[in-house]
Enquirer: 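First the structure, which I've put down as structure tokens, then a few questions once you've had a look.
These numbers come from the heavy atoms of this one structure, side chains and all, not from hydrogens, waters or symmetry mates.
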Amino acid sequence: MANSTVMMEFLLMGFSDVWELRVLHVISFSLMYVVTLMGNILIVIVTTLDRSLHTPMYYFLRNLSVLDACYISVTVPNSCINSLLDSSTISKSGCVSQVFLVVFFVYVELLFLTIMACDRYVAICRPLHYPVIMNSRICIQTTLASLFSGLVYAGVHTGNTFRLPFCQSNVIHQFFCDIPSLLKLSCSDTLTNEIVIVASGLGIGGGCFIFIIWSYVHIFSTVLNVPNRADRAKAFSTCVPHIFVVSIFLSSGFYVYLRPSAISATMQDMVLSVFYSIIPPLVNPIIYSLRNEQIKCAIKKTIKRMIYSGNM
């Protein structure tokens, strides 16, 4: 096979060669994509228009919704089009873009989830210090720091991946371009790349997960001292789904990215990649926002306002 200097395109792997299963794949992915976009865009609109939601918590929710809408748009539309047209070709530049954007969004998503756990910790465990710790300047600075560090992180991993020569094949055993699948195509030693991925993944991902768990342990210990059982139940019903989604997000990503490239598990990797590329953007609006009474009231007010202005 030609090496990376002349290989100008790759072939993505589909979930099935059977037409009926491809149609099912397109329908299911399209539905999830539309629901994700609608949910996240609704949260962005509501948290922007309703001034009562201009608080640090809803500021980060709005940022997470924008991020999730962009994140799922990197992989799902292209996968649906490929299945529908029975075409699996992606250009090298397109593959580079997908790798960069997926790594960037995964990194920033994890940081946003960590910051939101910190926000909840301060609000529940240190309520008197909340206006000082989570002021608008800190919120903007943490957001910009997450975005800029994400650009650097994604740039380093993308550059390290595409400096390798690809001579094994041009078939990527995944429905989008990702680093583990590309490393399997390289005919050079990928040990350095794997060490960098494992070290950065465990360092950043593991550190964020430990901090999130630490935050929720303190939140739970504080909530247990609350005499009102309804308030305790409400806090647990909010926090437990957060931990569940973060655990799925990290465990599936760790399994795909931190496993040695010599180990082959093609279909299993494709299924697990759905859990860190599609499921979090789909369920985040539900567990973080749409179960929130303030968000529900704001949505009703926004809809009534739109209906009233339309009648006028």
Side-chain angles (χ1 to χ4, degrees), residues 36 39-48 50 52-72 104-127 129-150 153 204-223 234-251 253 275-276 279-296 298:
T36 301
N40 284 291
I41 292 174
L42 179 62
I43 291 169
V44 172
I45 293 173
V46 169
T47 54
T48 302
D50 195 319
S52 66
L53 300 181
H54 290 184
T55 62
M57 182 179 74
Y58 295 106
Y59 168 80
F60 289 119
L61 280 174
R62 182 165 58 250
N63 289 342
L64 182 67
S65 296
V66 173
L67 182 78
D68 283 337
C70 297
Y71 180 24
I72 197 171
F104 171 76
F105 287 129
V106 167
Y107 175 90
V108 179
E109 172 108 1
L110 182 58
L111 290 189
F112 278 2
L113 293 175
T114 305
I115 294 171
M116 291 170 67
C118 177
D119 175 78
R120 290 298 83 209
Y121 162 75
V122 177
I124 295 175
C125 301
R126 304 181 64 183
H129 298 88
Y130 185 80
V132 177
I133 298 175
M134 301 303 296
N135 58 66
S136 58
R137 182 173 60 86
I138 294 296
C139 293
I140 294 174
Q141 287 178 347
T142 53
T143 301
L144 293 177
S146 300
L147 295 175
F148 286 129
S149 61
Y153 185 83
I204 297 172
C208 289
F209 183 71
I210 291 173
F211 182 84
I212 291 172
I213 296 299
W214 176 86
S215 299
Y216 282 121
V217 166
H218 282 271
I219 290 173
F220 289 154
S221 63
T222 302
V223 169
K234 181 180 178 182
F236 280 117
S237 67
T238 302
C239 295
V240 171
H242 297 185
I243 299 176
F244 181 69
V245 172
V246 171
S247 300
I248 292 178
F249 178 63
L250 283 176
S251 59
F275 286 93
Y276 69 79
I279 299 301
L282 175 65
V283 301
N284 278 341
I286 300 173
I287 67 170
Y288 282 99
S289 302
L290 299 181
R291 296 170 70 244
N292 185 297
E293 290 300 325
Q294 283 184 279
I295 290 287
K296 290 179 181 179

Enquirer: Tell me if the NE2 atom of His129 is crowded by more than 12 foreign heavy atoms within 6.0 Å.
Expert: no

Enquirer: Using every non-hydrogen atom in the two residues, find where Ile43 and Ser65 come nearest and quote the distance to one decimal.
Expert: CG2-OG, 3.3 Å

Enquirer: What are the two closest heavy atoms between Cys70 and Phe105, and how far apart are they?
Expert: CB-CZ, 3.5 Å

Enquirer: Provide the closest heavy-atom pair for Asp68 versus Pro280 in the form atom of the first, atom of the second, distance.
Expert: OD2-O, 4.3 Å

Enquirer: Backbone N or O of Val132 within a donor-acceptor pair of the Asn135 side chain at under 3.5 Å?
Expert: yes

Enquirer: Check whether any side-chain N or O of Asn40 sits under 3.5 Å from a backbone N or O of Thr36 as a donor-acceptor pair, and report yes or no.
Expert: yes

Enquirer: Going from CG on Leu147 to CG on Asn63, what distance comes out if it is rounded to the nearest 0.5 angstrom?
Expert: 7.5 Å

Enquirer: Could you tell me if the side chain of Ile133 sits less than 4.5 Å from the side chain of Ile138, heavy atoms only?
Expert: no

Enquirer: Heavy atoms only: give me the nearest Ala69-Ile72 pair and the separation to one decimal.
Expert: O-CG2, 3.6 Å

Enquirer: Within a 6.0 Å radius of atom CZ on Phe211, are there more than 12 heavy atoms belonging to other residues, nucleotides or ligands?
Expert: yes

Enquirer: Would you say Leu61 and Met116 make side-chain contact, with heavy atoms under 4.5 Å?
Expert: yes

Enquirer: Distance from Trp214 atom CH2 to Cys118 atom SG, nearest 0.5 Å?
Expert: 8.0 Å

Enquirer: Between CG of Leu250 and CD of Glu109, what distance do you get to the nearest 0.5 Å?
Expert: 10.0 Å

Enquirer: Nearest 0.5 Å, please: how far is OH in Tyr121 from CD1 in Ile212?
Expert: 15.0 Å

Enquirer: Show your reasoning for whether side-chain contact (heavy atoms from CB on, under 4.5 Å) applies to Phe249 and Val106.
Expert: CA-CA 9 Å; Phe249 178 63; Val106 167; 3.9 Å; yes

Enquirer: Can you name the closest pair of heavy atoms from Tyr130 and Asp119 and give their distance?
Expert: OH-OD1, 2.6 Å

Enquirer: What I'd like to find out is whether the side chain of Tyr71 reaches to under 4.5 Å of the side chain of Tyr276, using heavy atoms alone.
Expert: yes

Enquirer: Using only heavy-atom distances, determine whether the side chains of Tyr107 and Ser149 contain a donor-acceptor pair under 3.5 Å.
Expert: yes

Enquirer: Quick check for you: to the nearest 0.5 Å, what is the distance between Ser146 atom OG and Phe60 atom CZ?
Expert: 8.0 Å

Enquirer: Would you compute the distance between atom CG of Leu53 and atom OH of Tyr59 and round it to the nearest 0.5 angstrom?
Expert: 15.5 Å

Enquirer: Ignoring hydrogens, what is the shortest heavy-atom contact between Thr55 and Tyr58? Give both atom names and the distance.
Expert: OG1-CD1, 3.0 Å

Enquirer: Do the side chains of Leu113 and Leu64 get nearer than 4.5 Å, heavy atoms only?
Expert: yes

